[in-house]
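Structure first, commentary second.
Residue numbers run from 1 in the order of the sequence given. When reading the values below, keep in mind they use all heavy atoms of this one structure, side chains included, and skip hydrogens, waters and symmetry mates. All of these numbers come straight from a predicted model, not from anything done at the bench.
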Amino acid sequence: MPRTPPIRGLRPSDRPPSNRGVLGARVAMLALALAAVRLCAATGFVFDDENGNGVRDAGEPGLAGVAVSNGLDVVLTDAGGAYSIADRPDSRLFVIKPRGWRPPLDASRLPLFYSAPGSATADFPLVRSGEPDSLRALVLTDPQPSSAAELDFLARGLVAGVGRRPDLAFGVTLGDVVYDRPDLFASVNTVLAHIGIPWYSLPGNHDIALGTPDERAAVASFESVYGPSTYAFHAGPALFVALDDVRPLGGPRFVGGLRSDQFQFLENLLRGTKPDEWVVLMMHIPLFSPDPSGAETFRRADRLRLFGILKGRARLLVLSGHTHYQRHVMHGPEDGWEGPGKIQEYNVAAACGGFWGGPRNKDGIPAATMWDGTPPGYAVIGFAGDGVSLDYVPALGPADHQMEIHAPQSVAPRQGYVSFYANVFNGSDGWRVEARMDERAWNAVPRTLGWDPSYAEAFLAQDSVPRPAAGPRLPDPAICYHLWRGSLPADLPMGRHTLYVRATDPEGHVYSSQRPVDIVAP
């Protein structure tokens with residue numbers, strides 16, 4: 001067969017490609033084009049699920065102006081409820097619930113607001129749900145059961161006391177849903193479902209596989225149950241933003257911080273949020289350092305970048321967990337905050353308290369007092385007018401048990417400088433604590449830093465028994481940031497007297513307690 005002569009004026013190396021080469025090039029170009037289309041064409045609808053069946057039936061309208069995200073970008077649906085957004089590989093699409101609506105719930109009352117990972121299309125049903133300005137929600141952190149017994153403590157020692165709460169809009173767990181037992185996620189969900197409200201969660205260091213350097217793999221078991229670990233939703237007058245702030249460092253090590261895509265997500269989200277709307281950040285690891293040495297537990301550079309994104313907002317609140325004590329921190333210029341006023345961070349006491357440890361009551365439930373003397377419990381966050389309330393509810397005992405008084409049982413006459421202490425569990429800057437003996441005048445009591453003596457007494461008592469109690473010990477005492485110390489009057493006559501202590505929060509709510517003190521001869 002004769003060879004085809006070269007085209008005049010071209011060198012052999014300049015010849016047009018053969019049909020096979022052209023076909024291959026076209027196939028490659030088509031593959032690239034399809035990949036580009038897929039990268040930019042995650043699509044779907046957000047619609048009014050009028051019959052609540054989770055499927056878009058004929059006649060169910062789309063919802064305009066609803067935000068949808070891929071964990072980085074945030075787009076709004078058009079007039080017909082349609083959206084189109086970049087499709088990020090291995091990420092989940094999710095709808096950012098608008099006020100007055102809610103996504104469907106599964107059998108454990110977990111909101112179904114997200115797609116399967118890698119989905120190129122997803123429709124999001126929403127159901128009408130009234131949300132007043134006076135919205136209230138339950139905040140839980142660190143229940144972290146590691147066994148069936150501790151699941152039972154959670155059920156009987158906390159959830160049974162909460163009861164069914166239809167007055168609350170939703171609940172959220174701020175991480176450490178379990179204690180290195182992802183197989184217990186479903187059991188925890190079943191227990192919390194008894195409260196009867198939609199329940200959100202975000203991961204803590206005990207919910208992820210810290211040993212892998214791949215962050216996506218580390219959080220995979222959590223996301224397979226709860227959906228994306230960074231997300232947001234509007235409820236009442238606030239935008240709630242869940243941020244997975246646990247950064248694995250290899251092995252069991254980790255540090256608090258945020259990834260670049262999380263910062264970009266937050267920036268994109270806030271661009272479409274009204275400037276006067278409350279913004280509530282929900283995180284596991286606190287922004288401040290809980291270590292008295294000042295060791296970096298949340299990356300300072302990340303905190304500064306976060307504050308930079310938030311500085312134009314006037315209504316801000318941060319909720320965190322992880323520490324197993326309770327503390328309110330006001331972030332100001334010394335922390336890098338350059339916005340108006342200060343940012344309040346409420347570091348909520350753990351549901352498991354002191355790791356389900358300590359002596360047990362008549363029902364077999366451990367006291368689980370935390371190392372700052374705070375009993376285990378949960379918080380209720382409420383919005384009213386321009387303000388926000390942050391109430392703490394102990395899991396065991398009455399809800400009005402808001403302080404523990406430590407005072408001597410008896411004192412000799414004319415003894416001076418005999419101290420008493422009031423551990424006001426939810427106390428912080430702006431609280432006023434006063435005390436009096438019998439019917440004498442009220443006097444201000446100064447705040448102090450130190451161990452709660454009552455807790456230290458209980459902790460040390462563990463070392464003086466011939467046989468250890470069942471279950472974990474109470475943990476070592478730690479600095480209490482809500483402790484007040486006063487002195488008993490030195491001129492009390494012989495006999496029994498009553499020490500009264502009252503604590504007034506910034507909103508004017510008053511909490512009180514009392515203790516007898518005997519003045520007796522040595």
Side-chain angles (χ1 to χ4, degrees), residues 325-326 353-354 357-362 366-376 394 396-427 431-469 473-505 509-522:
Y325 60 50
Q326 181 144 271
R360 301 186 181 186
N361 64 14
K362 60 182 178 59
T369 310
M370 278 164 274
W371 34 30
D372 69 341
T374 303
L396 300 172
D400 62 356
H401 177 54
Q402 292 291 320
M403 74 174 77
E404 186 71 33
I405 299 175
H406 181 89
Q409 180 178 332
S410 63
V411 179
R414 296 178 297 281
Q415 291 282 320
Y417 304 103
V418 177
S419 296
F420 66 88
Y421 294 82
N423 184 346
V424 183
F425 308 137
N426 203 27
W431 283 63
R432 185 175 73 255
V433 176
E434 302 164 292
R436 74 178 185 185
M437 293 299 297
D438 303 325
E439 299 304 315
R440 298 187 179 195
W442 290 99
N443 292 295
V445 179
R447 194 169 166 191
T448 188
L449 287 177
W451 290 358
D452 173 2
S454 291
Y455 179 76
E457 183 178 45
F459 168 77
L460 293 172
Q462 300 175 124
D463 299 337
S464 304
V465 294
R467 299 183 66 182
R473 287 166 53 95
L474 291 172
D476 289 19
I479 294 290
C480 178
Y481 290 93
H482 37 82
L483 189 66
W484 279 258
R485 183 181 69 185
S487 296
L488 299 176
D491 61 347
L492 292 172
M494 301 279 282
R496 170 153 290 189
H497 300 269
T498 303
L499 170 65
Y500 297 94
V501 178
R502 68 184 182 191
T504 307
D505 71 14
H509 302 114
V510 179
Y511 308 93
S512 59
S513 189
Q514 63 188 62
R515 273 205 62 169
V517 177
D518 294 329
I519 306 299
V520 297

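- Considering only heavy atoms from C-beta on, P359 comes within 4.5 Å of L474 through its side chain.
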Is there a side chain to side chain contact (heavy atoms under 4.5 Å, CB included) between M437 and D491 once you walk through the steps? CA-CA 11 Å; M437 293 299 297; D491 61 347; over 6 Å; no
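- Y455 has its ring centre no less than 6.0 Å from the ring centre of H406.
- For E404, the salt bridge (Lys or Arg N to Asp or Glu O under 4.0 Å) criterion is met by no residue, not counting sequence neighbours.
- Contact check for D505 versus N426: no side-chain heavy atoms found under the 4.5 Å cut-off.
- By the 4.5 Å heavy-atom criterion applied to side chains, V418 and P408 are counted as neighbours.
- With a 4.5 Å cut-off on side-chain heavy atoms, D476 and F459 count as touching.
- Here the shortest heavy-atom pairing between P477 and A456 reads CG-CA, 4.3 Å.
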Please test V433 against V424 for side chain to side chain contact (heavy atoms under 4.5 Å, CB included), starting from the C-alpha separation and ending with a verdict. CA-CA 9 Å; V433 176; V424 183; 4.1 Å; yes
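- Taken to the nearest 0.5 Å, the OG1 atom of T369 stands 9.0 Å off from the CG atom of D452.
- Rounding to the nearest 0.5 Å places CG of L499 at 10.5 Å from CZ of R436.
- In this structure, Y511 and W431 have parallel ring planes: the angle between them is below the 30° cut-off, well short of the 60° mark.
- Between the side chain of D438 and the main chain of T498, a donor-acceptor pair closer than 3.5 Å is present.
- Here R440 contributes atom CZ and Y500 contributes atom OH; the two are 13.0 Å apart, rounded to the nearest 0.5 Å.
- Nearest heavy atom pair, residue S513 against residue M403, reads CB-CG, 3.7 Å.
- A donor-acceptor pair under 3.5 Å links the side-chain atoms of H482 to the main chain of Q326, judged by distance alone.
- For the pair W371 and P475, the tightest heavy-atom approach, listed with the atom from each and the gap, is CE3-CB, 3.4 Å.
- Contact record, P366 with G357: CB-O, 3.5 Å, taken as the closest heavy-atom pair.
- Atom CD in Q514 sits 13.5 Å away from atom CZ in R502 (nearest 0.5 Å).
- In this structure, Q402 and P394 have side chains that are in contact, with non-hydrogen atoms separated by less than 4.5 Å.
- The main-chain N or O of L449 is never found under 3.5 Å from a side-chain atom of R485 such that the two would form a donor-acceptor pair.
- Using a 4.0 Å cut-off between a side-chain N of Lys or Arg and a carboxylate O of Asp or Glu, R432 and E434 qualify as a salt bridge.
- Taking every heavy atom of both residues into account, F420 and A407 meet most closely at CB-CB, 3.9 Å.
- Between L488 and V517, the closest side-chain pair of non-hydrogen atoms falls below 4.5 Å.
- Counting heavy atoms from C-beta outward, I405 and Y421 have side chains that stay 4.5 Å or more apart.
- Side-chain contact check for I519 versus P413: some heavy-atom pair is nearer than 4.5 Å.
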Yes or no on side chain to side chain contact (heavy atoms under 4.5 Å, CB included) for N423 and C480, after CA distance, side-chain angles and deciding distance? CA-CA 8 Å; N423 184 346; C480 178; 3.7 Å; yes
